[in-house]
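Structure first, then comments.
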Protein chains: 2
Amino acid sequence: MFDRFIKLLDQYSELSNEEIEYLWKIRKQIPAQICRKNEIIFKAGQIFNTMYFVLDGCVRLFYNNNGNEKTAFFYTKGKFFRAIESYQKEIPAKENYQAIEDTTLLLFHKNLVRQLIKQHLKFKHIAQLAVEDELVTAQNMISSFVTKSPEQRFLELFEHNSDLFRNINQHYIASYLGVTPESLSRIRKRALMKEKN
Amino acid sequence: MFDRFIKLLDQYSELSNEEIEYLWKIRKQIPAQICRKNEIIFKAGQIFNTMYFVLDGCVRLFYNNNGNEKTAFFYTKGKFFRAIESYQKEIPAKENYQAIEDTTLLLFHKNLVRQLIKQHLKFKHIAQLAVEDELVTAQNMISSFVTKSPEQRFLELFEHNSDLFRNINQHYIASYLGVTPESLSRIRKRALMKEKN
DNA sequence: TTTAATTCTTGACGATTGTCAAGAGTCTAA
DNA sequence: TTAGACTCTTGACAATCGTCAAGAATTAAA
């Protein structure tokens, strides 16, 4: 399991043997969390003090909007996630996180992150790359909201992330696209009808 | 002008005297660019190799969507901006940047950024904070798209950034809210009518 | 100041969306 | 297997949006 983590880290930056050995040495300080489908990982209102890494599975970020859950993002295998604003400023988070399939996480507590960064600059670099990676994704998402219709966004998501559609509740995807589940249902119908012609 | 830059940097992280002196020493390596209102700063298609800092004024990020300009973001005094994906991966940028009022920028070329980071870790830290700051903003924007109607987004923007409305073309704001200029016009009318009651 | 260009507003109409409600379909646990 | 819970789809209707076009208002330039 832990070598799986190290292999996934490679997408951000190649690790030296020394760095890999160091990670192996401290691996007991990195708790793993196994979540069952639909399990809530983090509830809004608390202060976020842990960096999570998705070893396997899928996590959704959602906001609670007057009792209405709105999904803003999905994190899949190999991605870090954290409620950055809460983590940085130590204020209560607005974000909720939930496993939407059986998911395995690694937990990097803030103190451990500090220790890692102090030990090897490479880990600071990886943290930086992970944040930049997330920013690129976020900016692409904003670009998509600004330049495309819900129907176009649906078609693109369907093309590039068709695996998302297999096991996931449609209303998660609906709010991710910025529409209601009813609208998504109609959008899909329309879009797939057009595709036949 | 340069002490203005140093003062603005403080919002990210307080600088030591040594770091300030270092910046003063190399200040000639940091070109300034004075842009007139409506001047294009960067056109999509090129590779983005410079980190920009807004000393004064306001810059909009827009995408070109089949000849249709869509504004995704505004950068104001004290903010860094760059087309991250292009900067990182050295691929052509999709983003365009334009001054929407008289604007003064500082330009940090990639090589200079590398040099700064090598010289003082604090600068790496500031770069990290600037990116995280941008990510927080981006995530809040996505949250807003996902949880709120265009009318709500308009009201919030109007409340928190009313200065944006003074000098700026409405169609910039329209696409920022994800609607057409005509719709924004009606939204404003509706919203301000409701407010009277 | 006057003219020209640009931007903003309004109207009309069709398309899309949200909402509420009901029914069909699916999944889960007894 | 069956009952109950949850999810998805569909219908109806009102609200909102996009588009096209025209006119008003504002801004910039001559």
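Keep in mind that what you see is a predicted model, and the values were worked out from it rather than measured. A note on names: the letters A, B, ... follow the listed sequences, proteins ahead of strands, and every chain is numbered from 1.
The aromatic rings of A:Phe81 and A:Tyr97 lie parallel to each other, with less than 30° between the two planes, well short of the 60° mark. Between B:Phe5 and B:Phe53, the two ring planes are perpendicular [angle over 60°; tilted spans 30° to 60°].
Between the NZ atom of B:Lys70 and the P atom of D:dG18 there is a distance of 8 Å, given to the nearest Å. In this entry the distance linking CZ of B:Phe154 with P of D:dC17 reads 12 Å, nearest Å. The interatomic distance linking B:Ile100 (CD1) with C:dT6 (P) rounds to 19 Å, in whole Å. With rounding to whole Å, B:Glu101 atom CD is found 13 Å from D:dA28 atom P. As rounded to whole Å, 18 Å separates atom C1' of D:dG18 from atom NZ of A:Lys148. With rounding to whole Å, B:Arg153 atom CZ is found 12 Å from D:dC17 atom C1'. In this structure, B:Ile187 places its CD1 atom 13 Å from C1' of C:dT17, rounding to the nearest Å.
The environment of NZ in B:Lys77 is sparse: at most 12 heavy-atom neighbours from other residues, nucleotides or ligands sit within 6.0 Å.
The pair B:Glu156-B:Lys148 meets the salt-bridge criterion, with a side-chain N (NZ, NE, NH1 or NH2) lying under 4.0 Å from an Asp/Glu carboxylate O. B:Arg82 and A:Glu132 are joined by a salt bridge, as a carboxylate oxygen and a charged side-chain nitrogen come within less than 4.0 angstrom of each other.
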I'd like a list of close polar pairs between nucleotides 22-30 of chain C and the protein, N/O only, cut-off under 3.5 Å.
none

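Qualifying ring-ring contact (aromatic ring centres under 6.0 Å, His included) partners for B:Phe123, counting only residues two or more places apart in sequence or in other chains: B:His120.
Residue A:Arg190 places at least one side-chain N or O under 4.0 Å from the OP1 or OP2 atom of C:dT17. Neither OP1 nor OP2 of C:dT17 sits under 4.0 Å from any side-chain N or O of A:Thr180.
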Which parts of nucleotides 5-14 of chain D does protein reach within less than 4.0 Å, heavy atoms only, written one letter per nucleotide 5' to 3' as B for base, S for sugar-phosphate only and - for none?
-> --SSSBBB--

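Between the side chain of B:Ser175 and the main chain of B:Gly178, no donor-acceptor pair closer than 3.5 Å is present. At distances below 3.5 Å, not a single donor-acceptor pair connects side-chain atoms of B:Gln88 with backbone N or O atoms of B:Glu85.
The aromatic ring centroids of B:Tyr52 and B:Phe80 lie 6.0 Å or more from each other.
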